Protein chains: 2
Amino acid sequence: MIDIQVRKLKELGLKITPQRLAVLDFLDGNTSHPSAADIYLSLRKEYPSMSMATVYNTVDVLAKNGLLLELPITKDRMNYDPDTSEHDHAFCSRCGRIFDVFPDGAAGVPATRAAELDGFRVVAVRKVYYVVCKDCEGK
Amino acid sequence: MIDIQVRKLKELGLKITPQRLAVLDFLDGNTSHPSAADIYLSLRKEYPSMSMATVYNTVDVLAKNGLLLELPITKDRMNYDPDTSEHDHAFCSRCGRIFDVFPDGAAGVPATRAAELDGFRVVAVRKVYYVVCKDCEGK
DNA sequence: GTTACTGCAAAGCTTTTGCATCCCT
DNA sequence: AGGGATGCAAAAGCTTTGCAGTAAC
């Protein structure tokens, strides 16, 4: 799983460092949509020398190369999603959690339509539902 | 146009101050999707005493009461849209401009569907297209 | 007269930058 | 050996907060 991303980074002439592997490993299969600080704090235990600058450098590199999605959801911070398949997100303003929302077939806008918009070249699309989740609705 | 918003603020027990009126007047019909700094810099001329704190206070009040949309598009800043009708946005990463994208009938997800999502209560929806606009595509 | 709002300054956070050192290739 | 990556610290932005004074109602 990570091998594919490592291969792609190598193809791009980017170096494979322990720090980058650690970030990739942390993100692999992670559906919590962590922020840079979340990543940093989690890796700090295993890699005490890890710095925020390296986390930012790594997520930027991954995002620029399509291996990671950047999710601008609130004004507080950026969140990241290693799942680059076409899907949306739901953000609960009460608990702050971010949920994946996968299109149920007919509802999604076809990718072909999104590729051209008012004559603009579409590079990416983000759709966010601001919700109150089940857990929070019950108080 | 502004009268409707003033009325709503009054109904909510909020005070109508010259600063709030100035912000409302600036935003009325404004399709540039300004940031807080944009609003501040524009009003500074006419209202030299205006402060950023007041701009933030005002846009927060307006957004909380549904008179203004908050657009989290980049990690740089929040942008605001006085047009609260159902529509999306396109952000050009080259020039930084934000364009309105109105649904062309069939394409939009019906509001009724958005009101319930995986059992979550949907409060708002934001869809952003990250694009390269016509002007920038031509270099 | 109350209560909320304003404005200023300071603080808080996230993110970026500069630079010397390090290490992947 | 070379060039990118790391890590530290400082800086830069945006946004928030505290508080005294002020103005709307």
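The structure displayed is predicted, hence computed values, not measured ones. So you know, we letter chains A, B, ... as the sequences are listed, proteins then strands, and number each from 1.
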Please give, in whole Å, the distance from C:dC23 P to A:Arg20 CZ? 15 Å
Return a single string for nucleotides 10-25 of chain D, one symbol per nucleotide in 5' to 3' order, where B is base contact, S is sugar-phosphate-only contact and - is none, cutoff 4.0 angstrom on heavy atoms. ----SBBB------BS
Quick one: bend of the helix from C:dG1-D:dC25 to C:dT25-D:dA1 from 5 pairs per end, to 10°? 40°
Between A:Asp135 and A:Arg97 (salt bridge meaning N to carboxylate O under 4.0 Å), is one present in this structure? yes
To the closest 0.5 Å, what do you measure between OG (A:Ser51) and CD (A:Gln19)? 8.0 Å
Roughly how many Å is it from NZ in A:Lys64 to P in D:dA5, rounded to a whole number? 11 Å
What's the separation between atom CD in B:Gln5 and atom CZ in B:Arg7, rounded to the nearest 0.5 Å? 11.0 Å
To the closest 0.5 Å, what do you measure between CZ (B:Arg126) and NE2 (B:His89)? 8.0 Å
Taking OP1 and OP2 of C:dT6, is either one under 4.0 Å from a side-chain nitrogen or oxygen of B:Ser51? no
Is the side chain of A:Asp38 donor-acceptor paired with the backbone N or O of A:Ser35 at a distance under 3.5 Å, no angle test? yes
Between B:Asp81 and B:His33, do the side chains contain an N or O donor and an N or O acceptor separated by less than 3.5 Å? yes
Set out, in order, the CA-CA distance, both residues' side-chain angles and the distance that settles side chain to side chain contact (heavy atoms under 4.5 Å, CB included) for B:Val101 and B:His87, then state yes or no. CA-CA 6 Å; B:Val101 176; B:His87 67 289; over 6 Å; no
Could you pull out every donor-acceptor pair under 3.5 Å between side chains of residues 56-70 of chain B and any protein atom, sequence neighbours left out?
from    : atom 1 : to      : atom 2 : distance (Å)
B:Thr58 : OG1    : B:Thr54 : O      : 2.8
B:Asn65 : ND2    : B:Val61 : O      : 2.7
B:Glu70 : OE2    : A:Lys75 : NZ     : 3.3

May I ask you to verify if any side-chain N or O of A:Thr54 is less than 4.0 angstrom from the OP1 or OP2 atom of D:dA5? no
For A:Met50 and D:dC8, what is the distance between atoms CE and P respectively, to the nearest whole Å? 11 Å
Between D:dG7 (C1') and A:Arg44 (CZ): distance, integer Å: 12 Å
Just the rounded figure in Å: distance from P of C:dC23 to CD of A:Gln19. 9 Å
Distance in angstrom units between B:Tyr40 OH and C:dC8 C1', rounded: 10 Å
The side chain to side chain contact (heavy atoms under 4.5 Å, CB included) partner of B:Phe120 among A:Phe91, A:Tyr129, A:Phe99, A:Tyr130 is A:Phe99
